[in-house]
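Remember, it's a predicted structure, so these values are computed and weren't measured experimentally. Below, chain A is the first sequence line, B the second, and so on; all start at residue 1.
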Protein chains: 2
Amino acid sequence: MDRHDLLGIGEVARRSGVSVPTVRFYEEKGLITSTRDAAGRRRFERHVLRRIAVVRAGQRFGMGLAEIGEALAGLPVDHPPTKRDWERLSRSWHAALTARIEAMERVRDGLSSCIGCGCLSLKACPVYNHDDELAAEGPGPRRWPAAARDG
Amino acid sequence: MDRHDLLGIGEVARRSGVSVPTVRFYEEKGLITSTRDAAGRRRFERHVLRRIAVVRAGQRFGMGLAEIGEALAGLPVDHPPTKRDWERLSRSWHAALTARIEAMERVRDGLSSCIGCGCLSLKACPVYNHDDELAAEGPGPRRWPAAARDG
DNA sequence: GTCACACCTCAAGTGCACTTGAGGTAAACT
DNA sequence: AGTTTACCTCAAGTGCACTTGAGGTGTGAC
């Protein structure tokens, strides 16, 4: 924990590729943490760069910040995560991502087989199929509609 | 265009699986169209069910309504789309979806190889890699951050 | 000393994809 | 005749992931 390798918010922003307000926002949301120096400025440990990288990676495949936060909660906050810590997160995300990729493949294939063929029989069509709880999750944009999540 | 097989908004909602206000909302956004009966109520042609199905399918793989609207704009509004019309849309989406699936696979594999191994060298790491235009698309939630879209 | 610069807080705004609510009409059942 | 049902319009609210703005502090360079 040598003082000299803590990072200022500007450097974190620059090196992680997000804006300065976004770094503050992520801290507010509990995705990252910081200490303060004598003047009240945030000081970040190096591993927040990795945490932010993980946040961005999670967003890339459609996770919300809350969900990402749960995954990050499995990592230690006080000391730099070990390789084993990261591997655990990586493994669990790998599984979730694979499931989502497969769901997308099903939608894609359903699209060609069903829309392409022109059948669209209400019962059998995977595109038409909507019998699950649609619009049953409250307002706001649907990042991953329920249908993409089921088996 | 016999009068008897036009649908009321309630039936469209029920059969497409979205709420009644959502049907109106989609119409307002130009994703579907309707005529009005003598009493001023919306009357929908059957093929709006397919259009809504396509909207939901598009959302399932992360497209925004504007983008979906562009794709639907390739379909005729005045008469029911032909099989060929749907096939054209299906083909173009298939390609886009495949690209996105591949992008997700890259993120997934980057996640395991990079986070798992603990390297995270700024230049080579696909997870860390953020040099593209992040947060450069204005405010609002990022459904498909720019990074997921590139080759 | 004053200037720029990096940082701070707090409040409000933004875009999306909707939902919710208030207040009303028109036809259909009882 | 009264009620239920289905629909209408217009306005405002909601959750997310941020951004933007106003107004202020601390440190270093000239």
Quiz item: Would you call A/R100 and A/E67 a salt bridge, using N to O less than 4.0 angstrom?
Solution: yes
Quiz item: Rounded to the Å, how far apart are B/M63 CE and C/dA17 C1'?
Solution: 15 Å
Exercise. Specify the separation, in whole Å, of atom CZ of A/R14 and atom C1' of C/dC7.
Key: 16 Å
Exercise. Mind calculating the distance between CG (A/D37) and C1' (C/dA6) to the nearest angstrom?
Key: 11 Å
Quiz item: OP1, OP2 of C/dT19 versus side-chain N and O of B/T22: anything below 4.0 Å?
Solution: yes
Practice problem: Counting heavy atoms from C-beta on, name the nucleotide in D/dT19, D/dC7, C/dC8 closest to the side chain of B/R41. | Solution: D/dC7
Quiz prompt | Where A/I68 and A/V55 come nearest, the two heavy atoms and their spacing | solution = CD1-O, 3.5 Å
Quiz prompt | Rounded interatomic separation in angstrom, taking CD1 from A/I9 and P from C/dC5 | solution = 19 Å
Quiz item: Side-chain N or O of A/S19 less than 4.0 angstrom from OP1 or OP2 on D/dT19?
Solution: yes
Quiz item: For the pair made of CZ in B/F25 and C1' in D/dC8, what is the distance, rounded to whole Å?
Solution: 18 Å
Self-check item: Heavy-atom side-chain contact between B/K29 and B/R24 under 4.5 Å
Solution: no
Practice problem: Return the nearest nucleotide to the side chain of A/R42; candidates are D/dT19, C/dA17, C/dT9. | Solution: C/dT9
Quiz prompt | A/L31 backbone acceptor or donor facing A/R51 side chain under 3.5 Å | solution = yes
Quiz item: Does OP1 or OP2 of C/dA17 have a side-chain N or O of B/Y26 closer than 4.0 Å?
Solution: no
Exercise. Counting heavy atoms from C-beta on, name the nucleotide in C/dC8, C/dC18, D/dC8 closest to the side chain of B/L65.
Key: C/dC18
Practice problem: Give the rounded distance in Å between these two atoms: CD of A/E28 and C1' of D/dT19. | Solution: 13 Å
Quiz item: Between D/dC18 and A/Q59, is there an OP1 or OP2 to side-chain N/O distance shorter than 4.0 Å?
Solution: yes
Quiz item: With respect to A/L7, which candidate in A/R42, A/R14, A/R15 satisfies the side-chain contact (heavy atoms from CB on, under 4.5 Å) definition?
Solution: A/R15
Quiz item: Taking only side-chain nitrogens and oxygens of A/R36, does any of them come within less than 4.0 Å of OP1 or OP2 of D/dG26?
Solution: no
Quiz prompt | Integer-rounded Å distance: C/dA17 P and B/E27 CD | solution = 17 Å
Quiz item: C/dA6 P sits how many Å from A/R43 CZ, rounded?
Solution: 13 Å
Quiz item: Side chain of B/A39: nearest nucleotide among C/dC18, D/dT19, C/dA27?
Solution: C/dA27
Quiz item: Out of D/dC18, D/dT19, D/dC7, which nucleotide sits closest to the side chain of B/R24?
Solution: D/dC7
